[in-house]
Amino acid sequence: MKIAVVTDSGTGLSKQEAQDKGIHYLPLQIILRDKMFLDGEDITVDELYELLKNGEMPTTSMPPMGRIEALFEQLKDEGYDAVIAIPLTSGISSTGSVMQAAAQRHELELHVIECFTTCHIQCYLAEHAIQMVRNGVALEEIVSRLQDAIEHSDTLIIPDDLQHLKRGGRLTPLAAALGGLLKIKPILKMNQESQGKIDVFDKVRTMSKAMVKGVSTFQEKNLDDSYQLVVLHSGSQETGLKMKEIMEEAYPNNDVYFGLIGAVISAHTGLGCIGIQYIKKINVN
């Protein structure tokens, strides 16, 4: 059976990076002043950070429907029998449902993996899916292993700029204004419990307390070294490295991935955001 793995730019991968890994790629859209950019193709995360530094407030959208249709037509023409799709969570994007319709039109067996999050966990799932395909793991077993890992994962987000969340309807204008005055830091969750939507997990008074609270919340899960830990930041290297240090002190035996929050997600969280994630490691053999 010939199996394709498809994901989108919520992973933080560029088109070239995905292609180098053998993963089929769909770019989410970033819209600024009526101009559309394809994430990971004609705008980079660093360019998006510069726009945010200049006070721009971009919006985002799912991949162009024409690109989704063209990809599934290509997969059919290339002789693929089945597709494992790992899109940005359906809690904030309809990409998965549009993929379903395209797969039906082209008579392709499609397995949409609901990751309930995005960023590195989404990337981790896509990378390990393609490794399992290459290693000859059966389709049903690949899907089962991915879903089991998702059952043992979580994402917490600590934004610094409440204005982006206010604009996105995540906070009322009054709450955003008071949060700015009182320096309240909301800790947000994005997981299976929230059905992939961004929801408030807790509120603290400072970024330092928020970071400690995030790690202590993970510690309550009794994670061992079979879990991949993740620290991400949006244009705040110093704060991100501090978060990584806290995570490594709490988990000296675990791998801690350190990287950037992708362009599309940063457009919603703003600069200075910290994200932490964990996921159960996947056996690819």
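The figures that follow rest on heavy atoms only: side chains count, while hydrogens, waters and symmetry mates do not. Residues take their numbers from the sequence shown, with the count starting at 1.
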Can you get from L232 to I150 by hopping between Ile, Leu, Val, Met, Phe, Trp and Tyr side chains that sit under 4.5 Å apart? no
Measure across A82 and M1 and return the closest heavy-atom pair with its distance rounded to 0.1 Å. CB-SD, 4.1 Å
Return the minimal non-hydrogen interatomic distance between I68 and P63, and the atom names on each side. CD1-O, 4.0 Å
Which residue pairs satisfy the ring pair (Phe, Tyr, Trp, His ring centres under 6.0 Å) criterion with at least one member in residues 188-221, sequence neighbours excluded? F218-Y278
For the backbone of D199 and the side chain of S194, can you confirm whether one donor and one acceptor N or O come within less than 3.5 Å of each other? no
Inspect the contact between K189 and D154 and indicate whether a charged nitrogen and a carboxylate oxygen are less than 4.0 angstrom apart. no
Using a strict threshold of under 4.0 Å (side-chain N to carboxylate O), is an ion pair present between K242 and E245? no
Go through the steps to decide whether T44 and L48 satisfy the test side-chain contact (heavy atoms from CB on, under 4.5 Å), and finish with yes or no. CA-CA 6 Å; T44 67; L48 188 279; over 6 Å; no
Examine distances only and state if a side-chain atom of Q29 and a backbone atom of L38 form a donor-acceptor pair shorter than 3.5 Å. no
Determine whether a donor-acceptor pair (N or O, by modelled atom type, separation under 3.5 Å) exists between the side chain of T60 and the backbone of V264. no
If we count only N and O atoms by modelled type, under 3.5 Å, do the side chains of Q122 and T11 hold a donor and an acceptor together? no
Taking D225 for the side chain and N253 for the main chain, is one N or O donor matched with an acceptor at less than 3.5 Å? no
Starting from L110, can I reach L26 by hopping between I/L/V/M/F/W/Y residues whose side chains sit under 4.5 Å apart? yes
Distance, nearest 0.5 Å, that separates CG of L32 from NZ of K35: 9.0 Å
Do the non-hydrogen side-chain atoms of I279 and L125 ever get within less than 4.5 Å of each other? yes
Using a 3.5 Å cut-off and no angle test, enumerate the donor-acceptor pairs between side-chain atoms of residues 97-106 and protein atoms at least two apart in sequence or in another chain.
from: S97; atom 1: OG; to: S94; atom 2: O; distance (Å): 2.8
from: R105; atom 1: NE; to: E69; atom 2: OE1; distance (Å): 3.1
from: R105; atom 1: NE; to: E69; atom 2: OE2; distance (Å): 3.3
from: R105; atom 1: NH2; to: E69; atom 2: OE1; distance (Å): 2.6
from: H106; atom 1: NE2; to: E69; atom 2: OE2; distance (Å): 2.7

Is the shortest heavy-atom distance from the side chain of V5 to the side chain of K21 under 4.5 Å? no
Under 3.5 Å, side chain of S14 to main-chain N/O of E17, donor-acceptor pair present? yes
If you look only at pairs with a residue in residues 27-83, which of them pass as a ring pair (Phe, Tyr, Trp, His ring centres under 6.0 Å), with sequence neighbours excluded? H24-Y80
Is there a path of hydrophobic side-chain contacts, each under 4.5 Å between heavy atoms of I/L/V/M/F/W/Y residues, joining M190 to F116? no
Min side-chain heavy-atom separation T269-I157 under 4.5 Å: yes
Flag side-chain contact, heavy atom, 4.5 Å: P27 against R67: yes
So does K213 get a backbone contact from the side chain of S216, meaning a donor-acceptor N/O pair under 3.5 Å? yes
Pair E73-K76, side-chain contact (heavy atoms from CB on, under 4.5 Å): steps then yes or no: CA-CA 5 Å; E73 182 177 359; K76 183 68 174 180; 5.8 Å; no
D39 side-chain N/O to I30 backbone N/O, donor-acceptor pair under 3.5 Å: no
Sub-3.5 Å donor-acceptor pair from the side chain of Y25 to the main-chain atoms of L13, do we have one? yes
Out of N191, T117, T89, which residue meets the side-chain hydrogen bond (donor to acceptor under 3.5 Å, both in side chains) rule with T155? T117
Taking ring-ring contact (aromatic ring centres under 6.0 Å, His included) as the definition, give me every residue that meets it alongside F258, ordered by chain and number, with sequence neighbours left out. H233
List the steps and the verdict of side-chain contact (heavy atoms from CB on, under 4.5 Å) for S61 and I31. CA-CA 8 Å; S61 182; I31 301 102; 3.8 Å; yes
Rounded to the nearest 0.5 Å, the CG atom of L229 sits from the NE2 atom of H120 at a distance of 10.5 Å
same_hphob_cluster(L88, Y124) at 4.5 Å side-chain heavy-atom cutoff: no
Can you tell me if S234 uses its side chain to pair, donor with acceptor, with the backbone of G270 under 3.5 Å? yes
How far does NZ of K209 sit from CG of D202, to the nearest 0.5 angstrom? 12.0 Å
Side chains of T206 and S208: do they bring a donor and an acceptor to under 3.5 Å? no
Got a sec, which pairs hit salt bridge (charged side-chain N to carboxylate O under 4.0 Å, His left out) with one end in residues 265-285, sequence neighbours left out? D148-K280, D255-K281
Between Q74 and E78, is any side-chain donor less than 3.5 angstrom from a side-chain acceptor? yes
Just by distance, with hydrogens left out, do Q16 and D20 show a side-chain donor and acceptor under 3.5 Å apart? yes
Minimum-distance pair of heavy atoms, taken over all atoms of A129 and I86: CB-CD1, 4.0 Å
What is the distance from atom CG of D42 to atom NZ of K15, rounded to the nearest 0.5 Å? 10.0 Å
So, T239 side chain and S236 main chain: donor-acceptor pair closer than 3.5 Å or not? no
Does CD in E141 sit with more than 12 non-hydrogen atoms of other residues, nucleotides or ligands closer than 6.0 Å? yes
Is it true that, when you exclude E193 itself, more than 12 heavy atoms of the residues, nucleotides or ligands shown sit nearer than 6.0 Å to its CD? no
Among residues at least two apart in sequence or on other chains, which ones pass salt bridge (charged side-chain N to carboxylate O under 4.0 Å, His left out) with K244? E248
Side-chain touch H268/T59, heavy atoms, less than 4.5 angstrom: no
Decide, yes or no, whether a salt bridge links E140 with R145 under the criterion of side-chain N to carboxylate O below 4.0 Å. no
If you count every heavy atom of other residues, nucleotides or ligands that lies below 6.0 Å from M36 atom CE, does the total exceed 12? yes
Hey, does I158 have a side-chain heavy atom less than 4.5 Å from the side chain of C273? no
Roughly how far, to the nearest 0.5 Å, is CD of Q192 from SG of C115? 11.0 Å
Could you tell me which non-hydrogen atom of I187 sits nearest to which non-hydrogen atom of A210, and how far apart they are? CD1-O, 3.7 Å
Give the C-alpha distance, both sets of side-chain angles, the deciding distance and a yes or no for side-chain contact (heavy atoms from CB on, under 4.5 Å) between V231 and Y257. CA-CA 6 Å; V231 174; Y257 174 88; over 6 Å; no
Please determine, by modelled atom types, if S226 and D224 share a side-chain donor-acceptor pair under 3.5 angstrom. yes
If we only count heavy atoms from C-beta on, is the N285 to V137 side-chain gap below 4.5 Å? no
Can you tell me how far the CG atom of L28 sits from the CG atom of D8, to the nearest 0.5 Å? 4.5 Å
Pairwise side-chain contact, M132 with N283, heavy-atom cut-off 4.5 Å (strictly under): no
Please check if atom CD in E107 has more than 12 non-hydrogen atoms from other residues, nucleotides or ligands closer than 6.0 Å. no
Decide whether V83 and V112 are clustered together by the hydrophobic rule: side chain heavy atoms of Ile, Leu, Val, Met, Phe, Trp, Tyr closer than 4.5 Å, transitively. yes
